[in-house]
Amino acid sequence: MPVMRLINSPFAPQAPITPVGPRGLWPPLDFTLGALACCGACVFTNPLEVVKTRLQLQGELQARGSYQRHYRGVLQALWVVGSTDGLRGLQKGLTAALLYQGLMNGVRLGFYSYTEATGLTDAPGGSLISGAAAGALGAFIASPAYLVKTHLQAQTVAAIAVGHQHNHQDVSSAFMSIYQREGVMGLWRGVNGAVPRVMVGSAAQLATFSSAKDWVTRAQWFGPHSCLTALTAAMISGVAVTITMTPFDVISTRLYNQPVDEFKRGRLYCGFVDCLMKVCATEGILGLYKGMTPVFVRLAPHTVLSMLIWDVLRQRALLYRH
């Protein structure tokens, strides 16, 4: 195997070595590995995404204490959804969620890997800028899948319903009904909330994961071939993502799930800033942190699983290639 330095890798030697050959993977392969890693994580964390969506829609534009709380916490909400909708209810919107994760994170991680391979992340602030740009691109491309995912995860029986109920039959009928009612642009309704959400989350995730991994590697806490390096970095990254992303996540969920009028405009919010102002005015600042516990409980393992799987797959591919 030719001598080379694997960027941000637990296999990287301590002394810098001039790389011989390309630093990155073939872009379609990088896209595929990113998509596979995040889809694998999504299967395990989708029930928490269902609960998070319900908690974020509960009491929409209502003052605290003025509405019935069907969901009072992560465990209680999981029990309510499971006992009312059955085990399949805990995996509502899974197909759309997998489509979203595959598209968004395939593009996001693949694009970030490309900037990493070309050395753009080595510049001051390069990791943050590259992570944000990668997130914005991925969020825009995958926005229709997130729209359908949100609609399906919010749907339930009237007894525990929160937010607007779109009553789609399945994923394909959801795409079709949205297209027939609102046209192509309707499939991207809510994207103005998704792009800043994923930009912030992606910048925090990728920058902290990359920096934490370098730090753990230099500290030599684990062996050069240990997966615990990537695992530790992913855990640190999960905390950073949750803190920075929750308010944007709440706004994004509200924009995606709101009903539209006959002019194809949102009935509740005009856009990102309008949603931010209305939530703060009616629900207080804490309204922007609704569902923070399930956001953390879901994002932390999702970040750990996806970053760990992605890192291991990439390093194996790089080692095999070189």
Side-chain angles (χ1 to χ4, degrees), residues 38 42 45-46 48-61 92-93 96-101 103-105 107-108 131-155 162-164 166 174 178 182 185-205 240-260 265-280 282-283 285-299 302-303:
C38 293
C42 177
T45 60
N46 190 62
L48 294 169
E49 181 76 4
V50 173
V51 167
K52 180 215 73 171
T53 299
R54 304 277 180 88
L55 283 167
Q56 290 178 341
L57 291 173
Q58 183 170 246
E60 186 171 15
L61 298 183
K92 278 193 172 182
L98 290 172
L99 179 60
Y100 170 73
Q101 291 291 337
L103 284 174
M104 193 274 284
N105 286 300
V107 171
R108 183 175 71 94
L137 181 62
F140 180 81
I141 292 174
S143 185
Y146 196 93
L147 173 67
V148 170
K149 176 191 78 70
T150 303
H151 287 189
L152 293 174
Q153 289 178 338
Q155 281 184 196
V162 292
H164 183 72
H166 293 271
I178 294 170
E182 304 175 51
M185 295 301 294
L187 293 170
W188 268 267
R189 181 169 54 83
V191 72
N192 55 337
V195 169
R197 167 186 175 271
V198 182
M199 282 182 69
V200 170
S202 180
Q205 183 189 63
V241 171
T242 303
I243 293 172
T244 57
M245 196 174 177
T246 299
F248 296 89
D249 201 47
V250 171
I251 293 172
S252 181
T253 299
R254 300 285 182 88
L255 290 175
Y256 272 120
N257 196 66
Q258 70 171 328
V260 295
R265 296 176 302 195
R267 292 182 181 273
L268 301 178
Y269 315 104
C270 298
F272 182 90
V273 176
D274 182 55
C275 182
L276 173 65
M277 299 301 292
K278 285 182 176 177
V279 171
C280 290
T282 57
E283 304 171 54
I285 297 295
L286 291 179
L288 293 173
Y289 283 89
K290 276 187 174 180
M292 183 172 179
T293 300
V295 167
F296 176 75
V297 173
R298 178 255 172 192
L299 272 180
H302 184 87
T303 299

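Atoms considered below: every heavy atom in the structure, side chains included; atoms not considered: hydrogens, waters and symmetry mates.
Donor-acceptor pairing under 3.5 Å is recorded for the side chains of Asn46 and Gln153.
When all heavy atoms are compared, the tightest approach of Thr53 to Thr253 is CG2-CG2, 4.1 Å. A pairwise comparison of heavy atoms in Val279 and Leu61 identifies N-CD2, 4.2 Å as the closest pair. Minimum heavy-atom separation, Gly135 to Val198: O-CG1, 3.3 Å. When all heavy atoms of Leu103 and Ala142 are compared, the closest pair comes out as CB-CB, 3.8 Å. In this structure, Ala194 and Ala139 approach most closely via the heavy-atom pair O-CB, 3.8 Å. Scanning both residues, Ile251 and Cys275, for their nearest heavy atoms gives CG2-SG, 3.8 Å.
When the ring pair (Phe, Tyr, Trp, His ring centres under 6.0 Å) test is applied to His166, the partners found at least two apart in sequence or on another chain are His151, His164, His168. Listed by chain and residue number, Arg254, Lys290 satisfy the salt bridge (Lys or Arg N to Asp or Glu O under 4.0 Å) test with Glu283 (two or more places apart in sequence, or in another chain).
Paired with Tyr256 under the rule ring-ring contact (aromatic ring centres under 6.0 Å, His included), one option of Tyr100, Tyr146, Tyr269 passes, and it is Tyr146.
Between atom CZ of residue Phe272 and atom CG of residue Asn192 there is a gap of 8.5 Å, rounded to the nearest 0.5 Å. Between atom CG of residue Asn105 and atom CZ of residue Arg108 there is a gap of 4.5 Å, rounded to the nearest 0.5 Å. With values rounded to the nearest 0.5 angstrom, Leu48 atom CG is found 11.5 Å from Thr293 atom OG1. Atom CG of Leu255 and atom CG of Leu276 lie 10.0 Å apart (nearest 0.5 Å). With rounding to the nearest 0.5 angstrom, the OG atom of Ser252 is 8.0 Å from the CE atom of Met245. Leu268 CG to Glu60 CD: the interatomic distance, rounded to the nearest 0.5 Å, is 5.5 Å.
In this structure a side-chain-to-backbone donor-acceptor pair under 3.5 Å is present from Arg189 to Gln258. Remark: side-chain polar atoms of Lys92 are paired, donor with acceptor, to backbone N or O of Gln155 under 3.5 angstrom. Put simply, the side chain of Ser202 never gets that close to the backbone of Met199: no donor and acceptor are under 3.5 Å apart. One N or O on the side chain of Trp188 and one on the backbone of Phe140 form a donor-acceptor pair closer than 3.5 Å. Listed for the Arg267 side chain is a donor-acceptor partner under 3.5 Å among the backbone atoms of Val260.
Side-chain atoms of Leu288 and Thr246, non-hydrogen and from C-beta on, never get closer than 4.5 Å to each other.
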Criterion side-chain contact (heavy atoms from CB on, under 4.5 Å) on Leu187 and Ser143, from CA distance to verdict: CA-CA 7 Å; Leu187 293 170; Ser143 185; over 6 Å; no
Working for side-chain contact (heavy atoms from CB on, under 4.5 Å), residues Asp249 and Lys52: CA-CA 10 Å; Asp249 201 47; Lys52 180 215 73 171; 2.9 Å; yes
side-chain contact (heavy atoms from CB on, under 4.5 Å) between Glu49 and Thr45, intermediate numbers included: CA-CA 7 Å; Glu49 181 76 4; Thr45 60; over 6 Å; no
